[in-house]
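Residues: numbered from 1 along the sequence shown.
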Amino acid sequence: MGQVMQTFKRKDAEKRISVLRIEIDYELVSLHDAMLAQDAEAMKQTKARLEKLRQEFIRLEA
């Protein structure tokens with residue numbers, strides 16, 4: 001039963017990693033747009049979201 005649960009968790013993590021990559025790409029585009037607009041507040045918020053996504057990505061890859 002333990003192996004079955006690990007398999008489900010692994011598959012869920014793989015799906016979430018795929019979604020995370022898309023979310024990170026989107027946030028990077030948002031950061032680029034904020035940089036072009038020289039919008040310091042948007043840059044700060046986007047960097048904070050990117051940091052959270054990065055931490056989740058690292059946790060799932062471990």
May I have the list of side-chain donor-acceptor pairs in residues 54-62 shorter than 3.5 Å, sequence neighbours left out?
from	atom 1	to	atom 2	distance (Å)
R54	NE	E51	OE1	3.1
R54	NH2	E51	OE2	2.7
Q55	NE2	E51	OE2	2.9
E56	OE1	R16	NH2	3.1
E56	OE2	R16	NE	2.8
E56	OE2	R16	NH2	3.4

From [X] atom [atom1] to [Y] atom [atom2], the distance as rounded to the nearest 0.5 Å:
| X | Y | atom1 | atom2 | value |
| --- | --- | --- | --- | --- |
| Q45 | D39 | CD | CG | 8.0 Å |
| M43 | L50 | CE | CG | 13.0 Å |
| L31 | R49 | CG | CZ | 9.5 Å |
| L28 | M35 | CG | CE | 10.5 Å |

Taking every non-hydrogen atom, the tightest pair across L53 and E23 | CD2-OE1, 3.2 Å

K15 side chain near V19 side chain, heavy-atom distance below 4.5 Å = no

Heavy-atom side-chain contact between R21 and S18 under 4.5 Å = no

